[in-house]
**Student:** 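My questions will all concern the structure given below.
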Amino acid sequence: MISSSRLRSLAASAVLLAAAAVAHAQAALPNVVILATGGTIAGAGASAVNSATYAAAKVGVEKLIAGLPELSAIANVKGEQVFQVASESMTNDNLMTLAKRVSALSKQSDVDGIVITHGTDTLEETAYFLTLTVHTAKPIVVVGSMRPGTALSADGALNLYDAVSVAGSKDAVGKGVLVTMNDNIDSGRDVSKSINIKTSAFSSQWGPLGMVVEGRNYWFRAPVKRHTMNSEFDIDSITALPNVGIAMGYEGVEPTAIEALGKSGVKALVHAGTGNGSVANRIVPYLQKVRADGAIVIRSARVPDGFVLRNAEQPDDKYDWVVAHDLRPQKARILAMVALTKTSDTKELQRIFWEY
Ligand code: DGL
C-alpha cells in the first residue's frame with residue numbers, strides 16, 4: 001500500500017518532470033520576435049464575407065499571437081507593437097524606426113529570427129530597405145495578408161505561421177530579408193505586390209527563392225544581389241533619408257510633376273518611363289534641368305518586368321543619368337535613398353544599381 005505522502009511526492013516529481021520536459025522542449029525551439037506594424041494582417045471586417053472591405057491596422061500583436069496557438073510548437077514567440085498603420089501611410093521615419101529596431105534585436109543572442117507583420121501595399125519597399133541596411137545573417141521575414149483575419153478563408157494565419165517557421169529555420173540564415181505570402185518564400189529585393197486583390201498578390205519576376213509547406217522550407221534558388229551582411233549600407237550609421245520622388249510617364253504627359261519635384265528639392269528623381277524607361281521628347285529638357293540643378297535622375301520603367309537598358313531609350317552617358325536596372329520605380333526610390341546616404345557620384349550610383 002503506498003502512503004498518501006508517498007503519492008504526494010510521486011505526483012510532485014511527475015509535475016517537476018513534466019515541467020522540465022516542457023522547459024527542455026522550449027529551450028530547443030528558436031526564439032522569434034514578431035514586430036507588428038499594422039496592415040490587413042491586423043485588420044478586421046464587419047462580417048466574414050468582407051474579404052476586401054475592412055479596416056486595416058486594428059488588431060494588436062498580442063491578439064495576433066494568441067489567435068495562433070500553433071506557433072508555440074515551432075518557436076518561442078515574443079511580440080512588439082512598433083506602430084499600427086495601414087502601410088500606404090508609412091513614412092521614412094517609420095522605416096528608420098523599424099529598421100533600427102530590427103538591427104538591435106538581431107544583435108541579441110537570445111533572438112534567432114525576426115518577423116515583421118506589415119500592410120501589403122508597401123511591404124515590398126520595407127522588405128527591400130531592410131535587406132539593404134540590416135547587417136545580420138539571421139532570418140528576417142516580412143509578412144502580410146490580403147484578407148483580414150475576420151474573413152472567410154483568411155490568409156493571414158497561415159502566412160504568419162509560415163513566417164515564424166521560416167524565421168526560426170537554420171536553412172533560412174544568410175538568404176537576405178524574406179517575404180512569406182501564399183506558401184512562397186520570396187526575396188525582399190525581388191518581390192512586389194502585382195495583384196491588388198488576390199491572396200496570390202505577391203510575385204518576383206525572377207521567381208520565388210522557394211516554398212514553405214507545413215513548416216518545412218523547400219529552396220530552389222539563392223539571391224545573387226548584395227544584401228544584409230554583404231551590404232555597404234548599415235542602418236546603424238544612417239541618421240536620415242534624403243527626399244527622393246517619382247514621376248510617371250504616360251501619353252500626353254506634362255512636365256508639371258517633374259518641375260514640382262525639382263522645386264521641392266529632391267536629391268533624386270525616379271522617372272517611371274513607358275516601355276524600356278522611355279522619356280517623352282518634350283520631357284527630356286525638364287529632366288536635364290533636374291540634373292543640372294544637382295539632383296540625380298534615375299530612369300526606371302512603369303512596365304513591371306524586364307530591366308531598363310542603359311543608353312538604349314536615352315543617351316544616359318551623355319545626360320549623366322542612372323538606370324534602375326530591373327527595379328520597379330518604388331524599389332528604385334528605396335535604393336536611391338539608401339545609396340545617397342553614401343554618394344551622389346553617378347558612376348558610383350550606377351554601380352550600386354547594378355549590384356543591389
Ligand atoms: N491598407 C493596406 C495596407 O495596410 C491594406 C492592404 C494590406 O495590408 O493587405 O497595406
Side-chain angles (χ1 to χ4, degrees), residues 34-65 67-68 79-99 101-102 114-131 140-164 166-167 177-204 208 212 246 304 328-331 333-334:
I34 298 178
L35 298 179
T37 72
T40 297
I41 197 166
S47 94
V49 295
N50 287 128
S51 59
T53 308
Y54 56 84
K58 293 295 176 203
V59 178
V61 65
E62 294 312 331
K63 199 169 172 194
L64 286 179
I65 295 169
L68 199 47
E80 287 183 18
Q81 193 77 42
V82 185
F83 21 79
Q84 183 74 286
V85 294
S87 71
E88 66 271 22
S89 303
M90 283 276 287
T91 64
N92 282 356
D93 287 347
N94 291 147
L95 211 44
M96 292 279 285
T97 302
L98 177 64
R101 186 63 189 137
V102 172
I114 299 164
V115 168
I116 294 114
T117 59
H118 195 288
T120 59
D121 285 9
T122 63
L123 188 150
E124 63 204 78
E125 297 167 61
T126 296
Y128 191 32
F129 184 77
L130 295 171
T131 210
I140 301 171
V141 186
V142 190
V143 65
S145 74
M146 293 302 291
R147 295 174 181 152
T150 48
L152 293 174
S153 303
D155 55 332
L158 183 55
N159 287 351
L160 180 55
Y161 180 87
D162 288 346
V164 171
V166 172
V177 171
L178 304 169
V179 173
T180 55
M181 294 288 288
N182 199 38
D183 303 330
N184 281 337
I185 307 173
D186 280 284
S187 99
R189 176 198 186 271
D190 297 340
V191 78
S192 279
K193 184 175 183 179
S194 301
I195 307 170
N196 61 9
I197 204 161
K198 285 185 172 181
T199 52
S200 57
F202 281 74
S203 62
S204 306
V212 47
I246 302 174
R328 293 183 181 187
Q330 60 271 28
K331 296 246 188 184
R333 173 181 168 272
I334 294 292

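We count ligands from 1, going down the list as the structure has it; atoms in each ligand are counted the same way. Starting from 1, each residue takes its place in the sequence as its number.
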**Student:** N/O to N/O below 3.5 Å, does that happen between Thr122 and ligand 1?
**Tutor:**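 Between Thr122 and ligand 1, no N or O pair is found under 3.5 Å apart.
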
**Student:** Is there a donor-acceptor pair closer than 3.5 Å between any side-chain N or O of Asp155 and the backbone N or O of Met146?
**Tutor:**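 Between the backbone of Met146 and the side chain of Asp155 there is a qualifying donor-acceptor contact (under 3.5 Å).
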
**Student:** Around atom 9 (O) of ligand 1, find the nearest protein heavy atom and jot down its residue, atom name and distance.
**Tutor:**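 Closest protein heavy atom to atom 9 (O) of ligand 1: Thr120 OG1, 2.5 Å.
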
**Student:** Regarding Thr97 and Asn94, is there a side-chain donor-to-acceptor distance under 3.5 Å anywhere?
**Tutor:**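 No.
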
**Student:** Could a heavy atom of Gly144 be found less than 4.0 Å from some atom of ligand 1?
**Tutor:**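 No, Gly144 has no heavy atom closer than 4.0 Å to ligand 1.
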
**Student:** So which protein heavy atom does atom 5 (C) of ligand 1 come closest to, and at what separation?
**Tutor:**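 Atom 5 (C) of ligand 1 sits closest to the protein heavy atom Thr40 OG1, 3.0 Å.
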
**Student:** Against Leu158, only a single residue in Thr199, Asp183, Leu68 fulfils side-chain contact (heavy atoms from CB on, under 4.5 Å); can you say which?
**Tutor:**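 Of the listed residues Thr199, Asp183, Leu68, the side-chain contact (heavy atoms from CB on, under 4.5 Å) partner of Leu158 is Asp183.
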
**Student:** Would you check the N or O atoms of His118, main chain and side chain alike, for any that come under 3.5 Å of an N or O of ligand 1?
**Tutor:**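 No.
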
**Student:** Looking at Ser145, which atoms of ligand 1 are within less than 4.0 Å of one of its heavy atoms?
**Tutor:**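 Answer, ordered by atom number: 7 (C), 9 (O).
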
**Student:** List the steps, then state whether side chain to side chain contact (heavy atoms under 4.5 Å, CB included) holds for Ile195 with Ser200.
**Tutor:** CA-CA 7 Å; Ile195 307 170; Ser200 57; 4.0 Å; yes

**Student:** Check each of Leu160, Asn159, Thr120 against Ser145 using the side-chain contact (heavy atoms from CB on, under 4.5 Å) test, and report the only one that passes.
**Tutor:**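 It is Asn159, the one option of Leu160, Asn159, Thr120 that forms the side-chain contact (heavy atoms from CB on, under 4.5 Å) with Ser145.
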
**Student:** Please identify which atoms of ligand 1 are closer than 4.0 Å to at least one heavy atom of Gly119.
**Tutor:**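 Matching atoms, with element in brackets: 3 (C), 4 (O), 8 (O), 10 (O).
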
**Student:** Heavy-atom pairs closer than 4.0 Å: do any link ligand 1 to the side chain of Ala57, the backbone, both, or neither?
**Tutor:**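 Within the 4.0 Å criterion, Ala57 makes no contact with ligand 1.
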
**Student:** For Ser87 and ligand 1, does the shortest N/O to N/O distance drop below 3.5 Å?
**Tutor:**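 Between Ser87 and ligand 1 (N or O atoms, distance only) the closest approach is under 3.5 Å.
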
**Student:** Between atom CD1 of Ile116 and atom CD of Glu80, what is the distance when rounded to the nearest 0.5 Å?
**Tutor:**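 Interatomic distance, Ile116 CD1 to Glu80 CD, rounded to 0.5 Å: 11.0 Å.
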
**Student:** Which of the atoms in ligand 1, numbered in the order shown and given with their element, are less than 4.0 Å from a heavy-atom of Tyr54?
**Tutor:**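 So the atoms of ligand 1 that pass are 5 (C), 6 (C).
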
**Student:** Atom OG1 in Thr117, atom CG in Leu35: separation rounded to 0.5 Å?
**Tutor:**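 Here the rounded value is 8.0 Å.
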
**Student:** For atom 1 (N) of ligand 1, grab the closest protein heavy atom and report residue, atom and distance to one decimal in Å.
**Tutor:**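 Answer, as residue, atom name and distance: Glu88 OE1, 2.7 Å.
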
**Student:** If the cut-off is 4.0 Å to any non-hydrogen atom of Ala86, which atoms of ligand 1 fall inside it?
**Tutor:**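 The atoms of ligand 1 under 4.0 Å from a heavy atom of Ala86 are 1 (N), 4 (O).
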
**Student:** First locate atom CD of Gln330, then atom OH of Tyr128, and finally report the distance between them rounded to the nearest 0.5 Å.
**Tutor:**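 Taking CD in Gln330 and OH in Tyr128, the distance rounds to 11.5 Å.
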
**Student:** Report yes or no: does Ser187 contribute a side-chain atom to a donor-acceptor pair with the main-chain N or O of Asp190 at less than 3.5 Å?
**Tutor:**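 Confirmed, Ser187 side chain pairs with Asp190 backbone.
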
**Student:** List every atom of ligand 1 that sits less than 4.0 Å from any heavy atom of Gly39, numbering the atoms from 1 in the order shown and giving each element.
**Tutor:**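 The list of qualifying atoms is 4 (O), 8 (O).
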
